[in-house]
Amino acid sequence: MRIVMIGPPGAGKGTQAKLLQERVGVPQVSTGDMLRDAQRRGTTLGKQTEEFMLKGSLVPDAIVIGVVEERLAEGDCADGFILDGFPRTVEQARALDEQLRRRGESLDAVLSITVPEKELVRRLSGRMMCRSCGAPHHRDFDRPATPGRCNRCGGELYQREDDREDRIALRMAQQIGDMAPVIAYYRATGVLHEIPGVGPRDEVFGRLAAALA
Ligand code: AMP
């Protein structure tokens, strides 16, 4: 299955994409994770993108499109993928369609997760990520059993630079408006499902799974 998962920062894309990956058996491809990984390793891509991410703005289309094209050409994506956080612009959506068209493929579903802005801010400001497996936690409603340690793998938890309180507002202002044309683009294709992302994680997952059935 070829699935795209879109939504504003804090909508739960990463969490739900990980659950879906286990259910569907195709890899989660997160552009945010790939860029953070490049920054950790100090690669050219990491250096090119660091500034944009710290400011909460989008990384230029040409860079992200290249990263995704390469990743989707890898063997484990031959039978499908769950794109998490891509596309975020119409230009990216067009490039993805074009790459799939060249391969004689198309998207099976676009899952757009919607969450009110106030709730997004609450989620992001308390979020802590695992350095080893990437699993998100929350200091109030998804607490680590051992302080500072991941519930899944025991890895070290940290707060993302762009989840700092002063950076969240910037990110919201810059990214929420950007999504509207992408949603309109996919609405026209007939594969768009708009899924309310509020409520317990498993309930939201149930809605996503029902949309794919
Ligand atoms: P995420 O982990 O999806 O919240 O992404 C973190 C940051 O990575 C975003 O705030 C952007 O700066 C950058 N980023 C991730 N995906 C994209 C994309 N598709 N287009 C442009 N920038 C992106």
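Whatever order the structure lists them in is the order used to number ligands and atoms, beginning at 1. Values below: every heavy atom of this structure, side chains too, minus hydrogens, waters and symmetry copies. Numbers here simply count residues along the sequence, with the first being 1.
Close contacts between ligand 1 and Arg36 involve ligand atoms 2 (O), 6 (C) [criterion: under 4.0 Å to a heavy atom]. Every atom of ligand 1 is numbered from 1 in the order shown, and the set under 4.0 Å from a heavy atom of Gln92 is 18 (C), 19 (N), 20 (N), 21 (C). Listed by number with element, the atoms of ligand 1 under 4.0 Å from a non-hydrogen atom of Thr31 are 15 (C), 16 (N), 17 (C), 19 (N).
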Would Val4 and Val191 count as a side-chain contact (heavy atoms from CB on, under 4.5 Å) if you check the C-alpha gap in whole Å, the side-chain angles of each, and the deciding distance to 0.1 Å? CA-CA 10 Å; Val4 156; Val191 291; over 6 Å; no

One pair to check against side-chain contact (heavy atoms from CB on, under 4.5 Å): Arg160 and Arg167. What are the steps and the verdict? CA-CA 10 Å; Arg160 273 171 47 172; Arg167 302 242 162 90; over 6 Å; no

Salt bridge (charged side-chain N to carboxylate O under 4.0 Å, His left out) evaluation trace for Arg123 with Glu119: CA-CA 6 Å; Arg123 289 184 184 185; Glu119 170 70 9; 3.0 Å; yes

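Salt bridge status for Arg207 with Asp202: absent, with no side-chain N to carboxylate O gap under 4.0 Å. Contact check on Glu74 versus Arg71 returns a salt bridge, with a Lys/Arg side-chain nitrogen under 4.0 Å from an Asp/Glu carboxylate oxygen.
Residue contacts with ligand 1: Leu35 is placed with no nitrogen or oxygen under 3.5 Å of a nitrogen or oxygen of the ligand (distance criterion only).
Taking atom 7 (C) of ligand 1 as the reference point, the nearest protein heavy-atom neighbour is Met53 CE, 3.6 Å. At the top of the distance list for atom 11 (C) of ligand 1, counting protein heavy atoms only, stands Ser57 O, 3.7 Å. Gln175 NE2, 2.8 Å is the protein heavy atom nearest to atom 10 (O) of ligand 1. Nearest to atom 5 (O) of ligand 1 among the protein's heavy atoms is Arg88 NH2, 3.6 Å. Given atom 22 (N) of ligand 1, the protein heavy atom at minimum distance is Val59 N, 3.0 Å.
Between Arg160 and ligand 1 there is a heavy-atom distance shorter than 4.0 Å. Not a single heavy atom of Gly14 sits less than 4.0 Å from an atom of ligand 1.
Of all the heavy atoms of Leu58, the ones lying under 4.0 Å from any atom of ligand 1 are found in both the backbone and the side chain.
Summarising the local packing, CG of Asp79 is surrounded by 12 or fewer heavy atoms from other residues, nucleotides or ligands at distances under 6.0 Å.
Closest heavy-atom contact between Pro9 and Met172: O-CE, 3.6 Å.
Each side-chain hydrogen bond (donor to acceptor under 3.5 Å, both in side chains) pair with one or both residues in residues 125-142, not counting sequence neighbours, appears once here: Arg127-Asp163, Arg131-Glu156.
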